[in-house]
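Convention: sequence-line order gives letters A, B, ...; per-chain numbering from 1.
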Number of protein chains: 2
Amino acid sequence: MSTPLAHIVDDDEAIRDALTWLFRTREVASAEWSSAEEFLAAWQPDWHGCIVLDIRMREMSGLECFDVLQERGNTLPVIFLTGHGDVPMAVGALKKGAFDFLEKPFDDNALVDVVIRALASDAKRQASQATQASVTHHLALLTPREQEVMNLVLAGKFNKVIADELNISMRTVEVHRARVFEKMGVRSAVELAQLLAPGRDKGAGGTGNSGEH
Amino acid sequence: MSTPLAHIVDDDEAIRDALTWLFRTREVASAEWSSAEEFLAAWQPDWHGCIVLDIRMREMSGLECFDVLQERGNTLPVIFLTGHGDVPMAVGALKKGAFDFLEKPFDDNALVDVVIRALASDAKRQASQATQASVTHHLALLTPREQEVMNLVLAGKFNKVIADELNISMRTVEVHRARVFEKMGVRSAVELAQLLAPGRDKGAGGTGNSGEH
DNA sequence: TTCCACACTGCGGATGACCACAATTGAGAC
DNA sequence: GTCTCAATTGTGGTCATCCGCAGTGTGGAA
């Protein structure tokens, strides 16, 4: 775990200093890395924030660094900076999942705005991924048999039918079913279904009652 | 309804002819439009396929055309072609949802590959949207009261509680509940929850039974 | 005015879900 | 060898769901 940082990866110290100062004026916490290698060596999958990545660097390029990060399962938004980018490069980067691609010279405010959006995007992703991870974790607590029963419950089948299909007694199904609910922290099959398939709004209001009898 | 077409929008007849021929050799059905205006006048929201859009045209530009399409709720993938694009233009187009952005001269095969991917992407989107629309349609068949009851059912509440909250009798809740199931084409609250929140895989196999009693 | 959709209600029964109490068996851990 | 855990089963009972049958009242459309 860490606080959200805008990671500046650039081998030009003057630019790093300028960006660090720029971010500080807009109250964006940042960190500096003087090469892609240095950054990759430190990178941890649980970091929060975003990455501001220069494309042209002496050793490993920003694009190569990006590829390595993708392979490692990076989820941080990556904002590319380049002084001499071309269209195919920009298109390729964006289609591979880059957050943005800015050409130098860029407007300072525009960059910070992008970084702030990237930080917000990452925060949102982290949040949704956290609940997702929690569900997956709870799911892992289920024994194989319990998962089997759970799937059949989610298929809308009666305990009797489940018992038949698994060649066990109804009573056993009930026990498994109860344990699934307990371990997953829900109290009904409906809650379970929603937990495992979050989605959609509800059309009309819920508790609002209009007329009475 | 219509068959999937690659819509070529370009005011240069030579290019249109070349693309049409190119697509035909790869068995991609296409249509030609000699201007953005002409295309926009014909465009229908239920079209399938994709759009190959030249940026530089005499009257309305491809980018403007794209903006209009977005406003109208277009969902077809848009592939931009340009002879003199710059990075900000490409980045802007992709971030607004363009499918791809190719610079002339481009590799013919590369373009067709992109078009084929775009067609596949659209087909997939159409399919998922169709089931989505079906659900919405069924939802619209519910009376207000039925929707109210449905939401409370999806909240995992007992009929008794629902009856309390709506100040009606349990029997009435049961009737509404049954009608909701009937109209939505499901036979249990679990199925309903999954219909309204499609999602996730199921971990282990379902019906496979290993040991017996 | 008549017809119809919608909302509402009661009764009673069949079926399913859930639970406490009580136990057995087999596999791997200590 | 004992312990723990997963998986299994039965009994008996409570609560919830689902359903058919039968009926009331209201507001809008024909």
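- Other residues, nucleotides and ligands place no more than 12 heavy atoms under 6.0 Å from the CZ atom of Phe158(A).
- Side-chain N or O atoms of Asp10(B) include none that pairs as donor or acceptor with a backbone N or O of Ile15(B) at under 3.5 Å.
- Atom CD1 of Ile168(A) and atom P of dA6(D) are 16 Å apart (whole Å).
- Map Val173(A) and Lys183(A) each onto its nearest nucleotide of DNA chain D; the residue landing nearer the 5' end is Lys183(A).
- Ring orientation note: the planes of His7(B) and Trp47(B) are close to parallel, at an angle under 30° on the 30°/60° scale.
- Following rounding to the nearest Å, Glu182(B) (CD) and dT17(D) (C1') show an atom-to-atom distance of 17 Å.
- Between the CG atom of Leu166(B) and the P atom of dT9(C) there is a distance of 10 Å, given to the nearest Å.
- Under a 3.5 Å cut-off, the side chain of Thr20(B) and the backbone N or O of Arg16(B) do form a donor-acceptor pair.
- An end-to-end axis angle of 40° holds for the helix from dT1(C)-dA30(D) to dC30(C)-dG1(D), taken from five base pairs per end and rounded to 10°.
- Look at Arg177(B) and Glu174(B) and you find no salt bridge, because none of the NZ, NE, NH1 or NH2 atoms lies under 4.0 Å from a carboxylate O.
- Listed candidates were dG10(C), dA7(C), dA7(D). Nearest to the side chain of Ser169(B) is dG10(C).
- A straight line from CE of Met150(B) to P of dT17(D) spans 17 Å, rounded to a whole angstrom.
- In this model, the phosphate group of dA7(C) is not approached by any side-chain N or O of Thr172(B) to a distance below 4.0 Å at OP1 or OP2.
- Residue His176(B) places no side-chain N or O under 4.0 Å from the OP1 or OP2 atom of dC6(C).
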How does protein contact run along nucleotides 16-25 of chain C, one letter per nucleotide 5' to 3', with B for base contact, S for sugar-phosphate only, - for none, heavy atoms under 4.0 Å?
SSBBBB----
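- Counting only distance, with no hydrogens or angles, the side chain of Asn159(B) and the backbone of Met170(B) share no donor-acceptor pair below 3.5 Å.
- Under the 3.5 Å distance criterion, the side-chain polar atoms of Glu37(A) are matched with a main-chain donor or acceptor of Met60(A).
- Nucleotide dA6(D) holds its C1' atom 14 Å from the CG atom of Leu141(A), rounded to whole Å.
- Across all strands shown, Thr143(A) has heavy atoms under 4.0 Å from sugar-phosphate atoms exclusively, and none from any base.
- Remark: the backbone N or O of Ser188(A) is not paired with any side-chain donor or acceptor of Glu191(A) at under 3.5 angstrom.
- For Glu146(A) (side chain) and Leu142(A) (main-chain N/O), no donor-acceptor pair under 3.5 Å exists by modelled atom type.
- If you measure from atom CZ of Arg179(B) to atom C1' of dC19(D), you get 13 Å, rounded to the nearest angstrom.
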